[in-house]
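See below for the structure under consideration.
What you see below is based on every heavy atom in this structure, not just the backbone, and it leaves out hydrogens, waters and symmetry mates. These numbers were taken from a predicted model, which means no experiment stands behind them.
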Amino acid sequence: MPADRATAPASDRSSDDATPAVVRSTCPHDCPSVCALEVERLAPDRIGRVRGSRANPYTEGVICAKVARYAERVHNPDRLTTPLRRDGPKGSGRFRPIGWDEALDRVAEAFIAARRRHGPQTLWPYHYAGTMGLVQRDGIERLRALCGTSLQDSTICIALADAGWKAGVGHKWGVDPREMAESDFIVLWGLNAVHTQVNVMTWVAKARKGRGAKLVVVDPYRNATAAQADMHLMPRPGTDGALACAVMHVLFRDGLADHAWMAEHTDDPEGLRDHLRDRSPTWAAAITGIPAEEIEAFARLYGGTRRAFLRLGYGFTRQRNGAAAMHAVSCLPAVTGAWAHRGGGALYSMSGLMQVDMSLITAEEHRDGTQRWLDQSRIGPILTGDRAALAGGPPVTAMLIQNTNPMVVAPESARVARGFAREDLFVCVHEQIMTETARMADVVLPATTFLEHDDLYKAGGHPFLQVGLKAIEPYAEARCNHDVLRALMARLDAPAHVANEMDSRELVEETLRLSGMPPAAEIAGAGGYDCSADFDVHHFTGGFGFGQPDGRFRFRGAWRGAQAGVMPAWPDHLAVIEAVDDEHPFRLVTAPARSFLNTSFNETPTGRAVEGRPTVFVHPDDARAVELDDGQLARIGNGRGSVALHVRRFDGLRRGTLVVESLWPNAAFVEGVGINTLIGSDPGPPNGGAAFHDSAVWLRPAEPARPPVAARLDRAVAS
């Protein structure tokens with residue numbers, strides 16, 4: 001596609017152009033909202049504006065600014081156009097174009113050679129959520145199953161949150177989010193919805209306008225959502241469990257607990273009450289930094305409102321004690337009996353309601369039981385030979401990477417870079433743009449965007465299963481994940497599988513048929529397939545219990561996982577977060593920036609322009625103590641490394657807390673060293689998970705700038 005045609009805005013069309021067609025689609029990105037879209041199709045290979053579709057009764061035509069300007073990504077002049085083969089040192093960015101057959105043959109030959117030397121588990125197909133489409137994201141599971149490679153434990157995003165929610169509730173769903181409009185009191189806990197789930201704010205606005213509902217936000221800094229709240233509780237990072245326990249202490253103490261509801265629906269309310277006797281607001285104030293009187297006021301408001309809706313986010317679980325914190329917070333509506341009322345209860349994710357038959361997509365039944373699981377969050381230790389991280393198996397010497405950018409995203413990114421620099425590691429990256437991970441590859445393959453292929457989407461934030469059918473032709477020589485996977489499996493002599501004989505649309509349709517759902521076109525026309533159930537299912541009442549063997553909510557957490565023994569028996573503050581000390585007196589939070597959310601959006605010009613540059617928010621008193629002014633270059637660091645970025649004095653956080661809104665590319669930082677350099681990769685209990693908001697660091701003025709990024713990268717690769 002000519003560059004001038006690919007990038008021209010819709011407004012540049014002549015007045016003689018026909019009215020553009022509008023096609024329905026679904027946002028594919030890693031956001032619980034999974035918004036229904038309407039996309040202008042200006043030509044067979046070109047889109048214009050992207051709008052929200054009102055056909056979906058949850059998203060109701062609302063989308064975020066990131067997706068509204070998606071033409072910037074589809075027609076980005078930096079998109080990859082043809083397969084590439086490395087033609088210089090790793091990380092140099094030197095590649096030469098090759099054809100698809102040569103590229104796929106090269107990848108297959110490298111995989112076969114690695115397999116002969118170390119066995120099939122030396123191969124590690126690696127993926128995540130660059131697309132949330134079930135066909136294009138999860139088809140890599142079929143490659144793992146049929147070829148006997150190492151498996152992936154996908155811990156980087158929700159493993160800690162999942163473990164905490166399931167420890168009490170069991171089922172992975174909750175109150176239908178549309179009930180928020182019927183709530184009198186809404187709590188957004190660890191959820192900056194303005195940045196990450198804009199549709200939530202639509203439903204909050206309905207409750208405020210229709211019922212005068214109050215909004216409380218629990219978050220360690222005054223972000224865009226907290227700024228709109230009637231009450232903002234600002235705990236120190238990693239202390240949410242203590243706050244929840246103190247609230248429950250007040251609920252029991254002041255007669256705000258629903259003993260009759262607990263007796264019928266929970267496991268041991270009297271045991272919980274005894275456990276909480278010394279978890280007072282004064283006790284929690286010393287841990288959280290929130291004054292005891294604020295905790296008391298919140299507890300009385302929450303306990304005194306029957307229609308109290310608790311919307312739980314992921315942010316507060318991305319600490320080493322995140323699972324324990326999620327369990328403690330999820331106990332609140334069980335103590336008050338809020339589950340019994342419309343507009344009351346809690347929601348973390350709705351995805352468990354969407355019973356999609358994944359057998360064709362993943363071929364999971366073909367796993368032979370001997371394949372090891374490798375923790376995706378520990379890719380740094382894995383690629384640098386840590387025996388525990390390798391689960392006692394062979395080194396990883398060959399990788400296929402789809403839908404993720406671990407050089408930027410993964411914890412301990414300096415260690416990740418050292419791993420990718422290994423000369424004995426063969427890497428194929430299937431991508432849309434030359435990311436920092438793609439620069440480290442031996443072969444790079446151009447990938448389609450979601451508008452250039454067919455797919456099927458589950459949601460976490462609402463109960464609608466949706467489809468996204470191909471709207472435009474693929475850019476240049478780009479191919480979708482499904483086509484690349486089945487071409488590779490044919491070259492690797494994988495066992496025959498029916499999914500490999502289907503194209504993406506056929507696989508979508510057959511998966512829907514096996515799941516007892518309507519055809520794709522019918523779902524697209526209706527704005528989604530509603531998987532919601534009746535009141536009793538969403539509220540775990542009326543004979544439909546919680547997802548535990550006895551049907552009761554578990555105050556005694558039902559913990560599972562390798563580190564289950566670490567977990568507290570009762571909801572509590574689990575003191576396993578990284579300790580601050582005299583050398584590392586600050587706790588770092590790496591929250592999502594509004595224009596980025598994830599690395600898919602940090603490559604668009606408007607997003608970068610809006611965000612400006614990587615910045616650390618510092619309380620004014622802390623800034624004065626270390627002699628830092630607004631706009632000054634600072635350095636934050638710990639034993640894993642250090643990062644240089646500019647200071648913004650900000651009084652919307654507690655002293656001792658630093659916030660860096662990201663995820664910026666590593667190259668956007670003044671020294672080319674990204675923020676995840678400072679994040680540890682050790683797995684959070686009980687069964688793994690990355691602790692992005694749980695790093696103890698120091699802060700000081702930066703010394704003079706180091707050499708340019710390219711020179712340092714060349715030296716790093718050489719070393």
Side-chain angles (χ1 to χ4, degrees), residues 7 9-10 23-40 47-54 56 58-79 128-133 136-137 157 191-202 223-225 228 313-315 403-405 408-409 431-433 435 447-452 455 457 459-462 466 468 471-472 475 590-615 660-665 668 675:
T7 59
V23 294
R24 286 184 176 171
S25 191
T26 303
C27 178
H29 289 289
D30 191 8
C31 164
S33 292
V34 191
C35 293
L37 306 177
E38 292 182 351
V39 182
E40 288 184 341
I47 69 165
R49 291 194 289 180
V50 179
R51 305 181 183 90
S53 170
R54 292 191 173 276
N56 183 293
Y58 172 74
T59 60
E60 291 189 327
V62 176
I63 62 171
C64 67
K66 298 182 288 293
V67 175
R69 53 178 179 258
Y70 210 83
E72 285 191 18
R73 182 167 182 87
V74 174
H75 304 306
N76 191 323
D78 292 332
R79 276 195 69 180
Y128 204 53
T131 176
M132 296 294 281
Q136 307 296 344
R137 181 191 67 188
C157 182
L191 172 62
N192 183 2
V194 172
H195 283 201
T196 64
Q197 294 188 53
V198 66
N199 307 87
V200 169
M201 300 307 293
T202 301
N223 51 42
T225 306
Q228 298 186 31
Y314 307 126
N403 316 327
T404 190
N405 184 9
V408 175
V409 171
E431 252 302 354
Q432 297 166 2
I433 288 175
T435 64
T448 50
T449 67
F450 77 100
L451 294 168
E452 299 159 9
D455 218 331
Y457 301 93
H462 61 77
Q466 297 176 91
I472 57 173
Y475 180 82
T590 56
R594 186 171 187 173
S595 300
F596 293 160
L597 180 64
N598 52 46
T599 61
S600 296
F601 292 102
N602 69 20
E603 296 154 349
T604 55
T606 302
R608 291 197 188 194
V610 168
E611 295 301 328
R613 63 186 180 189
T615 301
V660 176
E661 291 186 341
S662 218
L663 194 61
W664 284 93
I675 196 63

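Summarising the geometry, atom CG belonging to Asp78 is positioned 12.0 Å from atom OG1 belonging to Thr435; distances are rounded to the nearest 0.5 Å. To the nearest 0.5 Å, atoms CD (Gln197) and SG (Cys64) are separated by 11.0 Å. Here Arg24 contributes atom CZ and Asn56 contributes atom CG; the two are 10.0 Å apart, rounded to the nearest 0.5 Å. Considering CD of Gln432 and CG of Asn76, their distance stands at 9.5 Å, rounded to 0.5 Å. The structure places CD of Glu661 at 6.5 Å from CD of Glu611, a figure rounded to the nearest 0.5 Å. Atoms NE2 and CD, on His462 and Glu60 in that order, are 11.5 Å from each other to the nearest 0.5 Å.
Between Ser662 and Ile675, the shortest heavy-atom distance links the atoms OG-CG2, 3.8 Å. Between Glu72 and Pro605, the shortest heavy-atom distance links the atoms OE1-CD, 3.2 Å. For the pair Ser25 and Gly468, the tightest heavy-atom approach, listed with the atom from each and the gap, is OG-CA, 3.9 Å. Annotation for Gly607 and Arg69: closest pair CA-NH2, 3.7 Å, computed over non-hydrogen atoms. Counting all heavy atoms, side chain and backbone alike, Tyr314 lies closest to Pro32 at OH-CG, 3.6 Å. Pairing each heavy atom of Gly48 with each of Ala71, the nearest pair is O-CB, 3.6 Å.
Of the charged side-chain nitrogens involved, none lies within less than 4.0 Å of a carboxylate oxygen, so that Glu452 and Arg73 do not count as a salt-bridged pair. Under 4.0 Å is where a charged nitrogen must lie from a carboxylate oxygen, and between Arg51 and Glu40 at least one such pair does.
Ring geometry for Tyr70 against His29 counts as tilted: the plane angle lies between 30° and 60°, on a 0 to 90° scale.
At least one side-chain heavy atom of Val194 sits less than 4.5 Å from a side-chain heavy atom of Met201. When side chains are defined from C-beta on, Tyr128 does not count as touching Asn405, because their heavy atoms never get closer than 4.5 Å. The shortest distance between side-chain heavy atoms of Thr606 and Val610 falls below 4.5 Å. When side chains are defined from C-beta on, Cys27 does not count as touching Ile63, because their heavy atoms never get closer than 4.5 Å. Side-chain contact between Cys35 and Asn199 is present, with at least one heavy-atom pair separated by less than 4.5 Å. Using a 4.5 Å cut-off on side-chain heavy atoms (C-beta onward), Ile47 and Ile472 make contact. Two residues are said to be in side-chain contact when any heavy atoms from C-beta on lie closer than 4.5 Å; Val660 and Thr615 fail this criterion. Met132 has its side chain out of reach of Cys31: every pair of non-hydrogen atoms, C-beta onward, lies at least 4.5 Å apart.
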**Request:** Go through the steps for Cys157 and Asp30 under the test side chain to side chain contact (heavy atoms under 4.5 Å, CB included), then give the verdict.
**Result:** CA-CA 10 Å; Cys157 182; Asp30 191 8; 4.2 Å; yes

**Message:** Show, in sequence, the C-alpha distance, side-chain angles and deciding distance for Asn192 and Thr225, and conclude whether the side-chain hydrogen bond (donor to acceptor under 3.5 Å, both in side chains) test is met.
**Reply:** CA-CA 5 Å; Asn192 183 2; Thr225 306; 2.5 Å; yes

**Request:** Kindly indicate, with the supporting measurements, whether the criterion side-chain hydrogen bond (donor to acceptor under 3.5 Å, both in side chains) is fulfilled by Asn403 and Thr131.
**Result:** CA-CA 6 Å; Asn403 316 327; Thr131 176; over 6 Å; no

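Listed for the Arg79 side chain is a donor-acceptor partner under 3.5 Å among the backbone atoms of Ala447. Side-chain atoms of His195 never come within 3.5 Å of backbone atoms of Ala224 as a donor-acceptor pair (strictly under, hydrogens ignored).
Applying the side-chain contact (heavy atoms from CB on, under 4.5 Å) criterion to Thr26, with sequence neighbours excluded, gives Val34, Tyr457, Gln466.
No option in Thr448, Thr449, Val39 other than Thr449 meets the side chain to side chain contact (heavy atoms under 4.5 Å, CB included) test with Val74.
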